[in-house]
Each structure stands twice: as structure tokens, then as C-alpha cells.
Amino acid sequence: WKTSAFSQATAVPSVSQYTETQYGKTIAISDSQIAVKSATAVHLYDIDSATKPLREQTIKRPDRASADFGSSLGLSALGLFVSENTQQSIGRTIWWYPKGSQEAQAMPVPSRYSATNQPGVLGYGSTLSTTDTRIALGIPGQADVVVIERASDTWQELRLDHRGQAPSQSSRFGAALAMDGNLLAVGAPGEGSIYVYDCK
């Protein structure tokens, strides 16, 4: 592990330069890109090489500033995913910035959470993890996880099969997520468990 390349990269600001205490509160990395949250924006850096500065792209919420914008980040070949929901907030919007674009798209919400009589879901997307074809969204307030796959320019939800071991409402299932290839690991700290799924 070498840190000298990053300490010498002048495009990566320090907290004192930005005067934003939230800079670096959440980060995501994939291939040659790094995403970093600041107070009301997300900074996306392209790594050229170990000897050159990083190219920076500042990404803001499409319609208004939000201190929670970037509360959770995901980065993959699909692009940048930005949540603005904490485990205590009520909201549903997860923003998707396709790779190479600054234009945001709102991720689709499963019908069971987008009903008109349901104003918000506690902690929807407060955690997320992404691969080159899928994104997993944790909803610990509902003890649920939504997995959405990108195929043929459309999004399709993949259902999780709990095989009779569905977590309880108090489990905080979805409070932590990790996805690699076809494997999805879900933390349920309320019951001291993790669940592992094979998403073939």
C-alpha cells in the first residue's frame, strides 16, 4: 500500500482548504475513480497516474442542496450512486449518475415502497453496495434490502429468498451491505447476525 501518490495529488483538497467538516465522511472507490462526500456535494476524482494530480468533477443534487446528499455512496462500471438518506431519515430517492455523465436519474422504487399512501420509508437506501450490473439498497428501518439489476437499459428487481429465515423487524437487517460478484452479505446488528445470499 502506497499513500504518497495521494498525498502529492494537489487536486485532493484538505478539510482546511474546503472548510467543510463533512469532506471524506463517506467514500467509494472503483477501478480508477474515487467518490468523496463534502457538505452538500460529492467530488468524483479520476486517477490519471501516480505522478499526476487527479481530475475532479463536482456533483451536486439536481434540484436543491442537502446536507445528507452523499450519506452513502456506490461506484462501479454502472456509474455513481448517491443516497441522501440516513437510518433516521424518511426518504426514497437514490440518485444515479451514469458513468461519464453529470446528469442524475432517480433510481426506480419498488411498488411496495412507492404507494401513494406511504409518505416515506425510514432509512431507504441508507446503505448501498454496487457491482458492475447490480445495486443493493439497505432499508434497516423496514428490515429489508432491495436488489436492482441493470439489463438491456432497464432496471429489474431481484427478490431475496430468505428460505424460512426472514429477519425480524427489530434486526436492523440491511444496516450494512457488501456485494462482490454474485454474493451479497447483509448485516443485521439488531440480532447479531449476517446473511449471505448467492444472487445467481
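A donor-acceptor contact under 3.5 angstrom links the side chains of Tyr197 and His162, judged on distance only.
A heavy-atom distance below 4.5 Å is not found between the side chains of Ser193 and Pro167. Trp96 places none of its side-chain heavy atoms less than 4.5 Å from the side chain of Pro108. Side-chain contact between Ile148 and Gln156 is absent, with no heavy-atom pair separated by less than 4.5 Å. Residues Tyr195 and Phe173 have side chains in contact (heavy-atom distance under 4.5 Å, counting atoms from C-beta outward). Side-chain contact between Arg150 and Thr133 is absent, with no heavy-atom pair separated by less than 4.5 Å. Side-chain contact between Thr40 and Phe69 is absent, with no heavy-atom pair separated by less than 4.5 Å. Here the side chains of Val36 and Tyr45 are in contact, with some heavy-atom distance below 4.5 Å. Side-chain contact between Ile135 and Met107 is present, with at least one heavy-atom pair separated by less than 4.5 Å.
For CD1 of Ile27, the number of neighbouring non-hydrogen atoms (other residues, nucleotides, ligands) closer than 6.0 Å is 12 at most. Within 6.0 Å of CG in Asp180 there are 12 or fewer heavy atoms belonging to other residues, nucleotides or ligands. Within 6.0 Å of atom CD in Glu149, more than 12 heavy atoms from other residues, nucleotides or ligands are found, so the atom counts as buried in its surroundings. Residue Asp31 qualifies as open at atom CG: its count of foreign heavy atoms under 6.0 Å is 12 or below.
Remark: side-chain polar atoms of Thr131 are not paired, donor with acceptor, to backbone N or O of Asn182 under 3.5 angstrom. With Ser66 contributing its side chain and Asp68 its backbone, the two residues share a donor-acceptor pair below 3.5 Å. Looking only at distances, no side-chain donor or acceptor of Ser101 sits under 3.5 Å from a matching main-chain atom of Pro98. With Thr130 contributing its side chain and Arg134 its backbone, the two residues share a donor-acceptor pair below 3.5 Å.
Taking the side-chain contact (heavy atoms from CB on, under 4.5 Å) definition, one finds that Ser83 meets it with Ser71, Ser72, Asn85, Ile94, Leu128, sequence neighbours left out.
Atoms CD and CD, on Gln169 and Glu191 in that order, are 11.5 Å from each other to the nearest 0.5 Å. To the nearest 0.5 Å, atoms OH (Tyr97) and CD (Gln57) are separated by 10.0 Å. Remark: Thr127 OG1 to Ile139 CD1 distance equals 8.5 Å, nearest 0.5 Å. Atoms OG and CG, from Ser129 and Leu75 in turn, are 11.5 Å apart once rounded to the nearest 0.5 Å. Taking CG from Leu160 and CG from Asp144, the interatomic distance works out to 7.5 Å, rounded to the nearest 0.5 Å. Interatomic distance, CG of Leu73 versus CG of Leu80, reported as 6.5 Å (0.5 Å rounding).
Of all heavy-atom pairs spanning Lys99 and Gln33, the tightest one is NZ-OE1, 3.4 Å. In this structure, Ser171 and Ser168 approach most closely via the heavy-atom pair OG-O, 2.7 Å. Nearest heavy-atom pair, Asp132 versus Leu78, reported as atom, atom and distance to 0.1 Å: O-CG, 3.3 Å. Closest non-hydrogen pair, Ala67 versus Gln22, comes out as O-OE1, 3.6 Å. The two atoms that bring Gly70 and Thr26 nearest to each other are O-OG1, 2.5 Å, heavy atoms only. Taking each heavy atom of Ser76 and Ser30 in turn, the nearest pair found is CA-OG, 3.6 Å.
Note: the hydrophobic cluster containing Trp155 also contains Tyr124 (ILVMFWY, side chain heavy atoms under 4.5 Å, direct or indirect links).
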